[in-house]
Amino acid sequence: KIGMLLPLLLLPVLVGAFTPTADLPPLLQFNNGTPVTTLAQWASRREELKDLLQDHIVGRLPSELPKLTGSKEINSTVHGNVRCTFVQLFWVLPSTQQTVDFEIQVFEPQLAAVSTGSLPIFLTQWNHQSWALRGAERGYVAVVYPGADTRDAGEAFVPLYPQATWMRIVRRAWVASRVLDYLLAPPQLARFRADVHSVAITGHSRNGKQSWLAAAFDERITAVVGSSPGTPIASPVRFSSTQFNGESVLQISPERGWWLPSLRTYYGHEQDLPVDGHAVTALIAPRHALLATAHNDASGDVTYADERNIRAAQPVYALTGCAACVGIRYRPGDHHGFLDLDSYFDWFDHARGQGSFTLSPFLHDFDWDAWNATTQQNRTVPSATAPVPERLTWLLGESPRSFFAMGATYAEENFEYVYPTLMLGHSGNYVSPVNPKVQRMAASFGSYTTCSVYYPLNATADTVLPTVIYLHPYSYHTGFAATYWRSNINEPAMLPYLWLAEQGYMVLAFDMLGSGLRQHEDAAAFYQRYPHQSKLGRMVADVSRALDFLQCRSGDARQRGLCADGETHTDTYPDLLRLLPQPDLQRGVFVAGYSLGGLVALHAAAADPRVAGVAAFSAFTPLRSDPDSSPTGGLQRLYRWHALLPKLGWFQHDVRAVPLDYDEILAILAPRPLLLSAPQHDRDANASAVLHCAQQAAQAWAARGASANFTLHTPPTVNTFYNPEVQLLRQWLDAHLRGR
C-alpha cells in the first residue's frame, strides 16, 4: 500500500453566504449574491473584498496608524544628474507612545528638462535601488523604502500591534504607505517638487506581490507594475494548484510568514476560498495596473492564471470608467531575466497621460461564443448507439495525423539551443545541479514537436528498456517540467520523468499543445489554423506520433532500416538517435498522465491500440453528470476555459445528450492494463459519478477474463500528484512491464 499524501484538511468555518465556486468568485457581486451595478455599490463591495483578503490571505492590518513625528536628512550627494538623499523617518504610535524609525533613500533628477514643474513619484524596495536610478533618469522622484528581504522595516512595527494578524508581504506594502505619508505631506511635496497625482510603484517577485497589494489598499498610488508577482496575488490559487504545476497553497511555509497559515488549509479545496488574487487587481481599479510577467515563469506565475485574473477584473475597470487601465505585458524567459524596466516607466508615463502603451495579447484567450458562431465543424451529432470509435472521432474532430514520422535530433533543445533546457530544468537542474543517474536526449517527433527522452545512465543502444510516455497536467507555463513539486520540503522530489528513469525506465516527455515552449500554439491561434480539429484531438495525435518515434527506435526497425530517412550524418549533425536505448515493444509502450495528461492518455489509448497500458491520475469526471452549475465547473472547463473540446459546448443546456461518456471510453481499453487513480475529494470531479463509471467499465475487463489488469485507486485525498502518487505509478508499472 502506498501512503496517502494528505488527509482531508479541516477547513475554517466561513461566515456569510458565499457559495463555493470552481471559477473565480464574481467581483461584481456581494458574497450574499447581490449584484453590484453602481459605483456606490462597488464602494461597499471594495470594503467587503478588503475584509475578505485580510481574513483569508494577508492578515488583518492595524486599525491605528502611527504618527510621523519628524525626519532627519542623514546625507545628500549629487552625482551626475541625480541627487541621492538618505532620510531617517521617526514614528510614534499615539495610543502607546511606542516609537519606530527607519531610513529611505530618495533619488532626485537634476536634469534641466525637469527643472520646473512637479515630478512624478516612484516607489520601489531596498533591493531594487538600481531601478530607482532608472526612475530618476526618466524624470521621477524615485524613493527606495525598506520593504525587502535585505532591509525590512515592517518587522519593527510588529511589537506595536500585537492584535494585528498581518503577514510579512502586506506589512511591507503598509510600509510603502507610511513612506507616502511622509512624501505627500506639504513640506516634502515642496521639497522634492513631487506630484501628488502621479504615484507609481513596482517590485519583482515577492516585491511585486507587495506592490500590487500596496496599490490595492492605498488609493493614493495611481499606477503599479507587478513584475512577476506570482501566487496568490497575480496567479489566483484556483488556477495555481497542483493541477497547474503552480505554487499551490500547500507550498506556504509558516516560517516565511508571507501569508496566513490558514490559507494552506484550502489545498485541494480552493473552490471554498471566498476571495482570490483577482480581488487585489479589482481593488486597484480604475487606476493603472500592469502585470508584467514571463512566458515560462517556473517560480510561481502561471500564465493561464494571470490571464484569468485580468479577465475577471476587467468588468470592474469598465464599471469604474477605465477599461483600458489593466492588462498584461509578456516577456520571454523565466522568472528572472529579460526584464524590460523601461517598459515599466512607459506604463507609468502612459498612466499620467504621456505616450501610448501596447499591452500583450492573451496567450490562452478563447471565445467559445465566437467560435460557435463561425465554426465549420460537423454539427451532426452521431447516435448514442453508433460505435464508440465513430463517436470519439466526431468529438475529437479531424485527425491531424498525415503520415508516419520517424523523428529527428533536430529539435528546439539540441546542441545549439540549450536555453530552454536550462530555463525549464529539463535536465533536472531545478532539483539538483546535475542528475548523475539519468541521461537525457532531446529530439523531435511528428510535425516538429520537441521531446526529451530520459533513461538510466548505464543504458546503451543495445539496452532494451520498459518505456513510458509521460503527459503533464494543465501546466501552461512550464509544460512537462515540474517546479513546485513537493508536499514536504524535507523529502526529495520524485519528478516522474526523472525518477522513473532512475528506476530503469525509458521515459519520453514533451510539452503538449499550448504549454511550455508551445504556448504560442494555444487556443486562439489553434482554431484559426486548424478549424476542423480540436485541441484535445491534436494532443491525442501527438501521443500517436510519439509512438511512431519510439517504434523507430526499436532494434527491429534499426536492423531492417524501416525508419531510414536518407540523411547523411556529419560531425555537425551526428546521428544521435542511434545512441538511444531500445523501447521494449514486446511488452509495449505505456502512457501515464496526471490531470490534463491523464485525460489525454485515456483518449490516446482509445484512439490508438499501440498504447499498451494507461495510468491516469485525477483524469476525468463523467460528462453526462457535469453541468456547468456543478461544483467542478462543469463541461465549460473543457469547451470554454481550456478550449479542449469546443463541441461539448453544444450540450451545455443538456449534458445528458453528450453522445459519449467515459464508461464507454474506458471499456474499449480492455483488456489492456489500466490504472485509474480517483481521489475521493478531487475538486475537479464528482467522486461518486467517477466510481460508478469505473465500476461500469470494469465489466469489460471481467468479460475478457482480465480483471487483474483493471486497477481502481480511490484514496481519501484531494487532487494531487506528488511522491506517493509517483511511487504508486512505479509499482503499477513494475507489475505490468517487469512482472514484479
Side-chain angles (χ1 to χ4, degrees), residues 24 27 120 122 131 134-135 138 198-205 208-209 211-212 215-216 221-230 233-236 239 277-297 300-335 337-367 370 476-477 514 519-526 528 641 643:
L24 297 175
L27 293 167
F122 169 65
W131 293 24
R134 183 69 60 89
R138 291 289 295 261
S198 295
V199 180
I201 188 171
T202 192
H204 186 73
S205 193
K209 301 177 198 290
S211 297
W212 213 249
I221 295 172
T222 58
V224 59
V225 174
S227 182
S228 300
I233 301 302
S235 298
F239 302 117
H278 67 316
V280 184
T281 307
L283 289 175
I284 302 171
R287 293 161 292 139
H288 284 69
L290 178 69
L291 178 54
T293 190
H295 289 135
N296 304 111
D297 190 327
D301 262 285
V302 179
T303 54
Y304 179 82
D306 290 354
E307 292 184 6
R308 293 299 299 267
N309 180 338
I310 299 299
R311 183 68 77 201
Q314 284 174 335
V316 176
Y317 278 81
L319 176 68
T320 54
C322 196
C325 289
V326 64
I328 287 181
R329 184 67 170 262
Y330 280 117
R331 66 179 187 274
D334 193 2
H335 189 66
F338 297 103
L339 288 178
D340 183 4
L341 191 57
D342 268 318
S343 71
Y344 297 3
F345 289 98
D346 292 343
W347 176 255
F348 297 146
D349 286 350
H350 173 66
R352 58 193 186 97
Q354 296 188 6
S356 60
F357 192 90
T358 302
L359 297 169
S360 297
F362 283 1
L363 296 170
H364 312 294
D365 216 11
F366 178 68
D367 186 335
Y476 289 95
H477 57 313
Q519 287 192 80
H520 58 283
E521 300 178 42
D522 205 10
F526 177 81
Q528 293 173 8
W641 294 4

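What you see is a predicted model, and the numbers here were worked out from it, not measured in a lab. Values below: all heavy atoms of this structure, side chains included; hydrogens, waters and symmetry mates excluded.
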Nearest heavy-atom neighbours spanning T202 and S211: C-OG, 3.1 Å

Shortest non-hydrogen contact between A312 and L24, atoms and distance: CB-CD1, 3.8 Å

Residues V224, W347; criterion side chain to side chain contact (heavy atoms under 4.5 Å, CB included); working and verdict: CA-CA 9 Å; V224 59; W347 176 255; 6.0 Å; no

D301 (side chain) donor-acceptor with T293 (main chain) under 3.5 angstrom: no

Point-to-point distance, once rounded to the nearest 0.5 Å, from OH of Y317 to SG of C325: 7.5 Å

Output field: ring centroids F366/F526 closer than 6.0 Å: no

Distance (rounded to the nearest 0.5 Å) between H477 NE2 and D334 CG: 9.5 Å

Selection residues 310-329 - residue pairs positive for salt bridge (charged side-chain N to carboxylate O under 4.0 Å, His left out), sequence neighbours left out: R311-D365

For L291 against W212, the heavy-atom pair lying closest together: N-CH2, 3.8 Å

A294 to P332 - nearest heavy-atom pair and separation: CB-O, 4.2 Å

Summary of salt bridge (charged side-chain N to carboxylate O under 4.0 Å, His left out) pairs that have at least one residue in residues 347-360, sequence neighbours excluded: R138-D349, D349-R352

Residue pair D297 / H335, side-chain donor-acceptor N/O under 3.5 Å: yes

Inter-residue atom distance H204.NE2 - K209.NZ, 0.5 Å rounding: 10.0 Å

Donor-acceptor pair between R331 and S228 side chains, under 3.5 angstrom: yes

Side-chain heavy-atom pair L27, H278 within 4.5 angstrom cut-off: yes

Close side-chain approach of T303 and Y330, heavy atoms under 4.5 Å: yes

Distance-only polar pair, side chains of Y344 and S227, donor-acceptor under 3.5 Å: yes

Between D522 and H364, a side-chain donor and acceptor under 3.5 Å: yes

Backbone of A313 reached by a side-chain donor or acceptor of T281 within 3.5 Å: no

Gap between atom OH of Y476 and atom CG of D306 - 0.5 Å precision: 13.5 Å

Side chain Y304, main chain W641, donor-acceptor under 3.5 Å: yes

Considering all heavy atoms, the nearest F357-L290 contact: CZ-CD2, 3.7 Å

Exam field: side chain Q519 to backbone H295, donor-acceptor pair closer than 3.5 Å: yes

N/O donor-acceptor pairs under 3.5 Å from side chains in residues 282-289, not counting sequence neighbours:
unit_1: R287; atom_1: NE; unit_2: I284; atom_2: O; d: 3.1
unit_1: R287; atom_1: NH1; unit_2: A215; atom_2: O; d: 2.7
unit_1: R287; atom_1: NH1; unit_2: D218; atom_2: O; d: 3.1
unit_1: R287; atom_1: NH1; unit_2: I221; atom_2: O; d: 2.7
unit_1: R287; atom_1: NH2; unit_2: A215; atom_2: O; d: 2.9
unit_1: R287; atom_1: NH2; unit_2: L283; atom_2: O; d: 3.0
unit_1: R287; atom_1: NH2; unit_2: I284; atom_2: O; d: 3.4

Where A223 and F348 come nearest, the two heavy atoms and their spacing: CB-CD2, 3.7 Å

Side-chain donor/acceptor of N309 to backbone N/O of A234, under 3.5 Å: yes

